[in-house]
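In what follows, residues are counted from 1 in the order of the sequence shown. The figures that follow rest on heavy atoms only: side chains count, while hydrogens, waters and symmetry mates do not. Counting starts at 1 for both ligands and their atoms, following the listed order.
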Amino acid sequence: MTTESPMLPIIYFGDRFVPESEARVPVTTHALHYGTAVFEGIRAYGDGQRSHLFRPHAHYERLLRNADLLRMSPGVSVGDLVEMTVELLKRNEAFADVYIRPLIFKNKAGIGAGLPPGETLAIMAQPLSRWDVPRTAASADFSRWRRFSSDACPAGAKISGLYVNSSLARAEAQAAGVDQPILLTARGDVAEGYGGNIFAATGGRMITPPPEADILAGITRGILIEHFQSRNDLRFIEEPLAPSVLLDADEAFFCGTGIEILPIGHIGETILGDGSCGPITAAAAKWYREVVTGRAGMPTDWRVPVAPGR
Ligand code: PMP
């Protein structure tokens, strides 16, 4: 996810809240050299008076799981992290839509790959409005960059160094004037976008690639799978998705915390449906918006309120 908005002025850094200008790392920092950091992307939906973090516990569980993969123990619980995030938004008086970026990085100074002890936690946020529902369909194309394989690294983990893959694919798409790259697996099946999972509707079936397709199996994807499984008018299937099946799809979309639900209008020269957001995608986007804004009945801890005051 990227936005043009500046970061909000107060950041949690190390062990306290500091002004952004004080949240700095030395150039010798391990994570800067070797990508040894883990991060999250969490949204809060606000109305200007109050906002609600969406599924912060699920995001922080994933963050700590990934931190563990890099042998990092930041010494905070999921509950602590949620509380710190609530406090961060209060201190920034951020009660509209925001995107929260927690980051835990290896802070050892000096050269040498490996997983040396020592980590720093940072949590920052920036404004990020919700997208229109339904959203204008995006252009997409297959990237020359394949998604890295799980044989090479933990492909399902949100580890900073692994995002060179997403960055290369996105930059390639941008240079070609395409909104979104689609990354294939090393085997040639569809994996996902640079920052979101992919679903395709074809002939009454809704397909999404399985975790074995080296994807980051996102929280949004999980929510949508349950939704599609509960619908009688579609047959949901998690199975390898061939590029040819995606090109023949009636509809397809990317999904993720930041991009929410982004319809795909065409892939290269191939137009999906009539090139605009299809009816299944539009209905899913409407339902998802109701979920994140608390208008659909969901477990109460999915939304954590943030209101002004102590
Ligand atoms: N895949 C990649 C590569 C991502 O960066 C993201 C965003 N975290 C996703 C999928 C979607 O994950 P989520 O729904 O948990 O935001």
> Can you list the ligand 1 atoms lying under 4.0 Å from a non-hydrogen atom of Tyr194?
Replying inline: 3 (C)
> So which heavy atom in the protein is nearest atom 16 (O) of ligand 1, and how far is it from that ligand atom?
Replying inline: Thr257 OG1, 2.6 Å
>> Minimum distance, heavy atoms only, to atom 7 (C) of ligand 1: which one of Arg62, Arg221, Lys158 is it?
In response: Lys158
> Looking only at side chains, do Thr36 and His30 share a donor and an acceptor under 3.5 Å apart?
Replying inline: yes
> So how far is it from Asp179 CG to Thr136 OG1, rounded to the nearest 0.5 Å?
Replying inline: 10.0 Å
>> Among all protein heavy atoms in this structure, tell me which lies nearest to atom 6 (C) of ligand 1, with the distance rounded to 0.1 Å.
In response: Gly195 O, 3.4 Å
>> Could you measure the distance from the CG atom of Leu8 to the CD1 atom of Ile100? Nearest 0.5 Å is fine.
In response: 9.5 Å
>> Among Tyr194, Tyr163, Trp145, which residue satisfies the side chain to side chain contact (heavy atoms under 4.5 Å, CB included) criterion with Arg170?
In response: Tyr194
> Given that the side chain starts at C-beta and the backbone is N, CA, C, O, which of these parts of Glu192 lies under 4.0 Å from ligand 1, counting heavy atoms, or is it both or neither?
Replying inline: side chain
> Can you find a side-chain donor-acceptor pair between Thr85 and Tyr60 that sits under 3.5 Å?
Replying inline: yes
>> Starting from atom 12 (O) of ligand 1, what is the nearest protein heavy atom, named by residue and atom, and what distance separates them?
In response: Gly218 CA, 3.4 Å
> Nearest protein heavy-atom contact for atom 14 (O) of ligand 1: which residue, which atom, what distance?
Replying inline: Thr220 OG1, 2.6 Å
>> Show me which atoms of ligand 1 lie under 4.0 Å from any heavy atom of Asn197.
In response: 10 (C), 11 (C)
>> One residue to check: Tyr163. Relative to ligand 1, which of side chain, backbone, both or neither has a non-hydrogen atom less than 4.0 Å away?
In response: side chain
>> With side chain to side chain contact (heavy atoms under 4.5 Å, CB included) as the test, pick out the partner of Phe54 among Val291, Ile42, Thr293.
In response: Val291
>> Using 0.5 Å steps for rounding, measure from the CG atom of Leu88 to the CG atom of Leu53.
In response: 9.5 Å
> Is the number of heavy atoms from other residues, nucleotides or ligands under 6.0 Å of Arg231 CZ greater than 12?
Replying inline: yes
>> Evaluate Ile219 for polar contact with ligand 1, using N/O atom pairs at a separation under 3.5 Å.
In response: yes
>> In this structure, does ligand 1 have an atom that sits under 4.0 Å from one of the heavy atoms of Gly41?
In response: no
